[in-house]
Number of protein chains: 2
Amino acid sequence: MAQPSSKKHRNHPQYELLYHPGIPGRGEFIRLALEAAGVPYKDVARDEQDGYSTVQQICNNKGLESTDGNPPVFSPPALRIPGAGKDGKSALVIAQTPNILLYLGERLELVPEDDEAGRFYVQQLALTALDLNNEMHDSHHPIAGALYYEDQKPESLRKSQDVREMRIPKFLSYFERTLKHNEKTGNGQGLYLVGDKLTYADTTVWQVLDGCMFAFPKEMEARKQEFPALLGKFYENVKEESGLKEYLVSKRRLPYSMGVFRHYPELDRQ
Amino acid sequence: MAQPSSKKHRNHPQYELLYHPGIPGRGEFIRLALEAAGVPYKDVARDEQDGYSTVQQICNNKGLESTDGNPPVFSPPALRIPGAGKDGKSALVIAQTPNILLYLGERLELVPEDDEAGRFYVQQLALTALDLNNEMHDSHHPIAGALYYEDQKPESLRKSQDVREMRIPKFLSYFERTLKHNEKTGNGQGLYLVGDKLTYADTTVWQVLDGCMFAFPKEMEARKQEFPALLGKFYENVKEESGLKEYLVSKRRLPYSMGVFRHYPELDRQ
């Protein structure tokens with residue numbers, strides 16, 4: 001079981017992350033939120049014997065329910081929360097990365113307190129970062145997720161050029177300006193995107209930036225001067241946050257490999 | 001100003017939709033929610049003189065705020081809510097389609113009452129429908145949104161084949177099973193995806209189905225036998241819902257043209 005450094009003392013259920021075992025992928029957004037909050041969780045595919053068959057049974061079956069009377073799941077990640085079902089005993093299962101973050105955000109105190117607009121801004125930023133996550137996936141899989149990269153390489157070269165030259169700067173500009181907006185209104189000190197403390201917008205945007213740096217190191221290095229607040233102070237600070245600092249050097253943090261973020265040198269800036 | 005048939009009598013602010021004027025696009029998910037609730041709104045680009053320059057000023061500027069002290073917007077649609085700003089006087093501006101639906105869902109009574117799990121399921125379904133919406137966009141723009149279809153036609157032919165043969169059936173199966181799950185638990189009568197009355201999951205899934213039928217009429221016709229509950233009773237019923245029935249035959253409902261859903265016969269099933 002994942003045992004992050006615990007800084008929260010309120011009672012939490014035993015959250016169960018249902019995701020693939022070998023890649024950070026979309027599961028990583030959920031892990032970062034839980035780790036930042038210091039709340040223990042079970043990463044089912046990695047922490048349980050035969051855990052991945054449990055994940056597949058719940059997330060990839062063709063039946064009318066996922067498990068415990070919950071409706072079907074389209075694809076992982078999903079979050080299973082024991083005791084949160086309608087009867088107060090069975091488990092609740094929810095899916096879709098931004099939906100899981102929405103559910104956890106308030107419970108893990110990763111949203112601004114007493115600030116409804118701030119909560120919608122956090123979700124807005126997470127959704128936008130997840131859009132860039134999808135575009136990064138498509139940079140090496142523009143035709144079909146079910147085909148190998150090698151079967152869509154000419155298309156990937158074209159797609160990656162657009163992602164690097166047009167899309168990444170548009171996203172980075174948006175995050176940089178949001179960061180500066182928050183600082184300008186007297187909040188965040190350039191460390192946080194919304195309000196005065198870490199939210200799941202910060203962890204989600206950070207993970208996508210980190211993944212982009214892995215996939216396109218030359219491109220991202222070249223962009224540093226354009227977006228110094230985001231790629232400098234903000235990016236570096238998130239790594240130092242309590243919970244995350246310990247997590248990022250632990251074995252629970254999986255290396256990038258053949259998931260959403262892949263390093264094919266030919267797709268990077270030449 | 002849009003004047004849908006009003007069935008709700010509680011007080012609503014004058015919601016302002018900020019979106020492109022000539023296509024249903026992602027703005028349509030917001031329009032359908034407001035129309036289903038019978039709540040009047042301003043479709044700024046269409047209802048105001050120079051409205052589209054207001055939309056662009058708010059949604060596409062390169063500054064540190066969108067308007068009224070709100071942080072930047074990545075791209076339309078956005079929703080402007082007069083009087084909902086922090087000071088209770090200025091406007092709140094929020095963006096990202098699923099985030100706007102989340103904001104409106106409760107206010108427009110388009111989520112299950114007293115059912116937190118149901119509310120997360122509604123958002124889960126809307127997010128998943130919006131994922132299919134993105135894949136439909138990519139079926140004719142797999143390389144770059146900034147290029148013409150004609151400049152990415154061979155890639156579109158490959159991409160569309162995957163979308164039609166692999167992705168659409170996966171999404172339709174998920175929605176069909178969710179619909180049947182709801183019915184099996186004694187709710188919805190095959191008319192609603194979550195609970196016993198219309199939610200923004202229904203309107204959002206419906207809009208994507210309708211767009212797919214426009215873009216790929218042969219493909220969707222061929223799929224009807226596989227997914228009879230979704231493409232039959234459910235699809236037909238949403239069109240008859242109060243508010244939507246009047247809207248869909250009104251001039252406020254824009255025809256599909258060169259937006260997310262496009263009909264290129266060569267991309268459809270042959």
Side-chain angles (χ1 to χ4, degrees), chain A residues 62-65 69-75 84-86 92 94-100 102-103 115-118 120-121 123-128 131 134 138 142-147 152 154-155 158-159 161-163 166-167 170-171 173-175 177-178 180-185 193-194, chain B residues 62-65 69-75 84-86 92 94-100 102-103 115-118 120-121 123-128 131 134 138 142-147 152 154-155 158-159 161-163 166-167 170-171 173-175 177-178 180-185 193-194:
Chain A
K62 300 286 171 236
L64 298 191
E65 69 169 62
N70 292 281
V73 165
F74 184 74
S75 67
K86 282 187 185 178
L92 173 67
I94 58 168
Q96 272 282 0
T97 309
N99 197 42
I100 296 171
L102 185 72
Y103 182 90
D115 177 6
E116 193 191 25
F120 282 100
Y121 291 141
Q123 180 71 359
Q124 181 172 309
L125 286 158
L127 285 160
T128 308
D131 283 347
N134 287 347
D138 292 351
I143 299 301
L147 293 176
Q152 47 196 315
E155 294 92 341
R158 286 194 79 192
K159 177 72 172 181
Q161 186 182 356
D162 182 71
V163 169
M166 302 292 287
R167 303 298 293 167
K170 183 172 156 80
F171 281 99
S173 165
Y174 169 69
F175 296 133
R177 288 180 290 121
T178 302
K180 288 181 174 167
H181 169 89
N182 195 38
E183 192 170 10
K184 192 181 149 202
T185 60
L193 287 157
V194 183
Chain B
K62 300 287 173 235
L64 299 191
E65 69 169 62
N70 292 281
V73 165
F74 184 75
S75 68
K86 282 188 184 177
L92 173 67
I94 58 168
Q96 272 280 1
T97 309
N99 197 42
I100 297 171
L102 185 73
Y103 182 90
D115 176 7
E116 193 191 23
F120 282 101
Y121 291 140
Q123 179 72 1
Q124 180 172 312
L125 285 158
L127 285 161
T128 308
D131 283 346
N134 286 347
D138 292 351
I143 301 299
L147 293 177
Q152 48 195 313
E155 293 93 341
R158 285 194 79 192
K159 177 74 172 181
Q161 186 183 356
D162 182 69
V163 169
M166 303 291 286
R167 303 299 292 167
K170 183 172 157 79
F171 281 98
S173 165
Y174 169 69
F175 296 132
R177 287 180 290 122
T178 300
K180 287 181 175 168
H181 169 88
N182 196 36
E183 192 169 11
K184 192 181 149 205
T185 60
L193 287 157
V194 183

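Quick note on labels: first sequence line is chain A, next is B, and so on, each numbered from 1.
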Undergrad: Please flag which part of A/A146 lies under 4.5 Å from any non-hydrogen atom of chain B: side chain, backbone, both or neither.
TA: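 The side chain, not the backbone.
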Undergrad: Under the ring-ring contact (aromatic ring centres under 6.0 Å, His included) rule, collect the residues that match up with A/F175, sequence neighbours excluded.
TA: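 Not a single residue meets the ring-ring contact (aromatic ring centres under 6.0 Å, His included) criterion with A/F175.
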Undergrad: Tell me which of these, B/S173, B/G63, B/P154, B/P98, has more heavy-atom pairs under 4.5 Å with chain A than the rest.
TA: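 Winner by heavy-atom pair count: B/G63.
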Undergrad: Would you find a donor on one side and an acceptor on the other, under 3.5 Å apart, between the side chain of B/Q124 and the backbone of A/Q96?
TA: no
Undergrad: What part of A/N99 is in contact with chain B, defined as an atom under 4.5 angstrom from a non-hydrogen atom: side chain, backbone, both or neither?
TA: both
Undergrad: For a quick test of reading the model, state the closest non-hydrogen atom pair linking B/I143 to A/R158 and the distance between them.
TA: CG2-CB, 3.7 Å
Undergrad: Let me confirm one number: the CD-NZ distance from A/Q152 to B/K159, rounded to the nearest 0.5 Å.
TA: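 Interatomic distance, A/Q152 CD to B/K159 NZ, rounded to 0.5 Å: 8.0 Å.
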Undergrad: Give the member of A/I94, A/L125, A/T128, A/V194 that has the highest number of heavy-atom pairs under 4.5 Å with chain B.
TA: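 Maximum pair count with chain B is reached by A/T128.
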Undergrad: Please state whether the side chain, the backbone, both or neither of A/Q161 comes within less than 4.5 Å of a heavy atom of chain B.
TA: neither
Undergrad: I'd like to verify something: which residue of A/V73, A/I100, A/T97, A/V163 has the highest number of heavy-atom pairs under 4.5 Å with chain B?
TA: A/V73
Undergrad: So do the side chains of A/K170 and B/F74 get within less than 4.5 Å of each other, counting heavy atoms only?
TA: yes
Undergrad: Is any side-chain heavy atom of A/L127 closer than 4.5 Å to one of B/L127?
TA: yes
Undergrad: List in chain and number order the residues that pass salt bridge (charged side-chain N to carboxylate O under 4.0 Å, His left out) with A/K86, two or more places apart in sequence or in another chain; answer none if no residue qualifies.
TA: B/D115
Undergrad: Where on A/L147 is there a heavy atom nearer than 4.5 Å to chain B: the side chain, the backbone, both, or neither?
TA: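 Side chain only.
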Undergrad: If you count heavy-atom pairs under 4.5 Å between each of B/G69, B/A95, B/P142 and chain A, which one has the most?
TA: B/A95
Undergrad: Do you know which two heavy atoms are closest between A/P72 and B/Y174, and how far apart they sit?
TA: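 What the structure gives for the nearest pair is O-CE1, 3.3 Å.
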Undergrad: When rounded to the nearest 0.5 angstrom, what distance separates CD in B/E65 from NZ in A/K184?
TA: 5.5 Å
Undergrad: If you count heavy-atom pairs within less than 4.5 Å of chain A, which of B/L102, B/D138, B/T185 leads?
TA: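 Counting heavy-atom pairs under 4.5 Å, the top option is B/L102.
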Undergrad: Could you report the tightest heavy-atom contact between A/L64 and B/H181, atom names first, then the distance?
TA: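 Heavy atoms of A/L64 and B/H181 come nearest at O-ND1, 2.9 Å.
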Undergrad: Highest number of heavy-atom pairs under 4.5 Å with chain A: which of B/A84, B/A126, B/A144?
TA: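 Maximum pair count with chain A is reached by B/A144.
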